[in-house]
Protein chains: 2
Amino acid sequence: MDAANILRNRGLRVTKIRVAILEALGEGLQALPYGDLQKKLSQFDRTTIYRTLLALIDKGLIHKALEENNESYYALCSDCTSNLHNHNHVHFKCNECSSVQCLHISKEVGLSIPEIVIDSIEITAKGTCSTCLLTH
Amino acid sequence: MDAANILRNRGLRVTKIRVAILEALGEGLQALPYGDLQKKLSQFDRTTIYRTLLALIDKGLIHKALEENNESYYALCSDCTSNLHNHNHVHFKCNECSSVQCLHISKEVGLSIPEIVIDSIEITAKGTCSTCLLTH
DNA sequence: ATCTTTTATGCAACATTGTTGCGTTTATGT
DNA sequence: ACATAAACGCAACAATGTTGCATAAAAGAT
Ligand SMILES: [Mn+2]
Ligand SMILES: [Mn+2]
Ligand SMILES: [Zn+2]
Ligand SMILES: [Zn+2]
């Protein structure tokens with residue numbers, strides 16, 4: 001399904017920047033830092049990028065994969081709806097090239113701590129990505 | 001051991017702000033957001049707080065527990081040295097009061113992904129803390 | 001195709017945090 | 001107390017977040 005229809009399905013109007021952001025993240029697994037998005041979308045106002053990201057997150061089309069060194073990485077959602085956000089997959093960041101990707105693997109981590117209630121668990125893995133392994 | 005001696009042991013000069021930061025984080029498990037630190041340390045220049053945090057992190061005295069919504073949470077290290085940083089414990093954030101604490105529990109998470117090498121794994125749990133559970 | 005209404009966008013403005021350079025002050029060993 | 005290396009405070013700038021408001025654009029109706 002193309003970006004325009006994806007937007008319509010979530011009750012969002014089809015606008016240039018929304019299509020542009022979805023297409024920028026279009027590869028699927030790869031997450032992009034905000035700075036990269038801003039460069040790719042330099043024809044749009046910064047505020048619009050900001051509000052568009054909020055809208056797409058709200059509708060379950062994208063999610064913030066991780067936040068590190070004051071940089072937020074965004075990626076497409078794979079199976080979220082407007083009402084149900086489901087991001088309990090693993091995020092991986094390469095220490096060499098700083099790339100971030102969503103690893104859609106199911107990983108159950110049972111954690112039980114006395115006196116507190118745990119609702120969700122986020123896992124971030126770090127290491128070396130396949131691309132960087134090749135160039136070694 | 002008091003803050004002054006902790007600093008000397010890591011080869012850091014004993015200055016007011018370093019002592020103040022260590023004492024601000026002094027409870028141990030609780031992490032503090034940068035904003036709170038800045039309020040507590042308002043007698044010091046912002047730049048000095050910034051550089052002091054870097055120095056204390058570098059020497060393995062404190063660590064960034066997590067980064068969320070553009071806020072960094074700092075906590076004391078429990079068993080780091082100047083050379084060996086060991087932060088592979090769980091971080092917990094309360095969805096109610098936004099408090100963050102280090103959970104010093106050993107949690108092995110084996111992750112094996114083809115084509116990539118994983119060096120470390122960070123786990124962040126979210127839910128309701130003991131304090132917020134009581135006030136319900 | 002045009003009109004109407006709702007929503008999105010662009011711009012200005014301000015806040016917070018990060019980051020560096022540099023002159024001054026302070027901590028520490030002698 | 002002195003010398004010196006290190007730390008601090010201040011100025012300055014960058015990046016991102018955030019809001020209000022006037023203008024432009026999208027969607028549905030005519
Ligand atoms: Mn993801
Ligand atoms: Mn911790
Ligand atoms: Zn890489
Ligand atoms: Zn709480």
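The sequence lines fix the lettering, A, B, ..., with proteins before strands; numbering per chain opens at 1.
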>> Please report the distance, rounded to the nearest Å, between CG in A:Leu12 and C1' in D:dA27.
In response: 13 Å

> Which pair of heavy atoms, one from A:Ala31 and one from A:Tyr73, lies closest together, and at what distance?
Replying inline: CB-CB, 4.1 Å

> Is it true that atom CD of A:Gln43 has more than 12 heavy atoms of other residues, nucleotides or ligands lying nearer than 6.0 Å?
Replying inline: yes

> About how many Å separate CG of B:Leu56 and NE2 of B:His63, when rounded to the nearest 0.5 Å?
Replying inline: 13.0 Å

> How many Å lie between CD1 on B:Ile57 and P on C:dT19, as a whole number?
Replying inline: 10 Å

> Rounded to the nearest Å, what distance is computed from the CG atom of residue B:Leu41 to the C1' atom of nucleotide D:dG9?
Replying inline: 15 Å

Are there any protein N/O atoms within less than 3.5 Å of an N/O atom in nucleotides 24-26 of chain D, and if so, which ones and at what distance?
from, atom 1, to, atom 2, distance (Å)
D:dA26, N3, A:Arg13, NH1, 3.2

> Separation of A:Glu68 atom CD from D:dT16 atom P, in whole Å?
Replying inline: 15 Å

>> Restricting to non-hydrogen atoms, name the atom on B:Tyr74 and the atom on B:Ile62 that form the minimum distance, rounded to 0.1 Å.
In response: CD2-CD1, 4.3 Å

> Could you state the interatomic distance from NE2 (A:His91) to NZ (A:Lys126), rounded to the nearest 0.5 Å?
Replying inline: 13.5 Å

> Taking all atoms of both residues into account, what is the closest heavy-atom pair of A:Cys80 and A:Gly60, and its distance?
Replying inline: CB-O, 3.3 Å

> Can you name the side-chain hydrogen bond (donor to acceptor under 3.5 Å, both in side chains) partners of B:Arg8, sequence neighbours left out?
Replying inline: B:Asn5

> Can you name the nearest heavy-atom pair linking B:Leu32 to B:Ala24, along with the distance?
Replying inline: CD1-O, 3.5 Å

> Quick one: is D:dA7 close enough that its OP1 or OP2 comes under 4.0 Å of any side-chain N or O from B:Thr52?
Replying inline: no

> What is the distance from NZ of B:Lys59 to P of D:dA6, rounded to the nearest Å?
Replying inline: 11 Å

>> For a quick check, with a 4.0 angstrom heavy-atom cut-off, what is the B/S/- contact string for nucleotides 10-18 of chain C, read 5' to 3'?
In response: BBBB---BB

> Any side-chain donor-acceptor pair under 3.5 Å between B:His89 and B:His87?
Replying inline: no

>> Just the rounded figure in Å: distance from P of D:dT16 to CG of A:Leu32.
In response: 14 Å

> Between A:Lys39 (NZ) and D:dA15 (C1'), how many Å, whole number?
Replying inline: 11 Å

